[in-house]
Enquirer: 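Take a look at this one; I'll ask things after.
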There are 2 protein chains.
Amino acid sequence: MNPQNIEKVKEVFSKFLEEKQFRKTPERFAIVDEIYSIKEHFNAQWLYGRMKERNYRVSKATVYNTLDVLLEAKLIRKHHYGDEQQIFYEKSYFDKQHDHIIMMDSGEIIEFCDPRIQTIKQTMEDIFGIEIESHSLYFYAKKKNTSNN
Amino acid sequence: MNPQNIEKVKEVFSKFLEEKQFRKTPERFAIVDEIYSIKEHFNAQWLYGRMKERNYRVSKATVYNTLDVLLEAKLIRKHHYGDEQQIFYEKSYFDKQHDHIIMMDSGEIIEFCDPRIQTIKQTMEDIFGIEIESHSLYFYAKKKNTSNN
DNA sequence: ATCCCTGCAAACGCTTTGCACATGA
DNA sequence: TCATGTGCAAAGCGTTTGCAGGGAT
């Protein structure tokens, strides 16, 4: 992600922290910096390790805490998929909502958008009289033409 | 679930074990018995605790192992949702495929079926030239009319 | 008689917590 | 100043593993 985009994200984050009366600590901004330099999905441990490696002085507690704050600020999204017990995150600012296809053989993750998911959501809201705040959708797939059938 | 249905499930399981040349141990059938007497979603720990409570002599290792076998036999389904790090299961024989709405306030889980998910799946298979084996879809919702806005 | 399956306990990996210190407001 | 945020280490919790003994085939 290019530098002025990261600045934009930090600005949004800064405003969020102000509104919530949370403190603007250097650790929090350092973590945003790191996260927004990552393309793929990552988990808390991995992020912590990466920051240690790069000689940031952060603790696991702070990483976990900041991830929660960023989630609340909607600057990251949370994921659960496959057999993993762990939670993955991805940056979400500048991205449009999307869902994922998990390639079971390679582990590759494909993003996609399909408007029909919104129509299903709408139907469910009407049927059950509820308000759907979010959804998670994963397809688990294999490459075609493996010629084993 | 009524007794003859459980018998039917055990029969299917028995056949599966034969085909795979897995052993028909009493523990495995005891676990099926338990699982098919549970309505809701459950996790491995909880199932283990429940069996202990009822004086079955099973170990955690066996519970986890059997859950994997039952998954392979498609007699249960696996779930991941919300903030839970843990894996939930539900019996799946006699049930048709369905997805879930998680009520965020009460924890209630609503099941639903919508054929449009299949059409989305089809589209993705065509676009990416893949074969989708399974999917997971959760909606996270709140009751309407809470009048707090 | 095999060797798969089981029980038990210890190890694992990710996350959370407790506490003392540091620091943003 | 002082409550919030941080670092560190230990604890928590669901799951997995290693190993010795047991039971299905």
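Here is the naming used below: chain letters follow the sequence lines, and residue numbers restart at 1 for every chain.
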Enquirer: Apply the test side-chain contact (heavy atoms from CB on, under 4.5 Å) to residues B/I117 and A/L137: give CA-CA distance (whole Å), side-chain angles for both, the deciding distance (0.1 Å), then the verdict.
Expert: CA-CA 10 Å; B/I117 188 71; A/L137 170 61; 3.9 Å; yes
Enquirer: Could you state the CG-P distance from A/D68 to D/dT6, rounded to the nearest angstrom?
Expert: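 Computing the A/D68:CG to D/dT6:P distance gives 12 Å.
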Enquirer: Using only side-chain N and O atoms of A/R57, determine if any of them is under 4.0 Å from OP1 or OP2 of D/dT6.
Expert: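 No, no such contact exists.
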Enquirer: What's the spacing between B/Y64 OH and B/T66 OG1 if we round to 0.5 Å?
Expert: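 So the gap between those two atoms works out to 12.5 Å.
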Enquirer: What's the NZ-P distance between A/K60 and D/dT6, to the nearest Å?
Expert: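 After rounding, the reported distance stands at 16 Å.
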Enquirer: Establish, with yes or no, whether the OP1 or OP2 oxygen of D/dG14 is under 4.0 angstrom from a side-chain nitrogen or oxygen of B/N43.
Expert: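 Looking at the OP1 and OP2 atoms of D/dG14, neither is under 4.0 Å from any side-chain N or O of B/N43.
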Enquirer: Taking OH from B/Y64 and P from D/dT15, how many angstroms apart are they, rounded to a whole number?
Expert: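 Between P of D/dT15 and OH of B/Y64: 3 Å.
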Enquirer: Could you go through the side-chain contact (heavy atoms from CB on, under 4.5 Å) check for A/K121 and B/F139 one step at a time?
Expert: CA-CA 8 Å; A/K121 205 182 276 195; B/F139 287 128; 3.9 Å; yes
Enquirer: Closest nucleotide of DNA chain C for B/Y48 versus for B/R28: which of these residues is on the 5' side?
Expert: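 It is B/R28 whose nearest nucleotide is closer to the 5' end.
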Enquirer: Any side-chain N or O of B/T62 less than 4.0 Å from the OP1 or OP2 oxygen of C/dG7?
Expert: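 For C/dG7, OP1 or OP2 has a side-chain N or O of B/T62 closer than 4.0 Å.
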Enquirer: Go through the N and O atoms of the side chain of B/R23 and the base of C/dC4, and report whether any donor-acceptor pair is under 3.5 Å.
Expert: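 Indeed, a donor on one side and an acceptor on the other fall under 3.5 Å apart.
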Enquirer: Give me the atom names and distance for the closest heavy-atom approach of B/T62 to B/I31.
Expert: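 Of all heavy-atom pairs spanning B/T62 and B/I31, the closest is O-CD1, 4.0 Å.
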Enquirer: Should A/Q85 be listed as having a side-chain N or O under 4.0 Å from OP1 or OP2 of C/dC14?
Expert: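 Answer no for this pair, as no side-chain N or O of A/Q85 is under 4.0 Å from OP1 or OP2.
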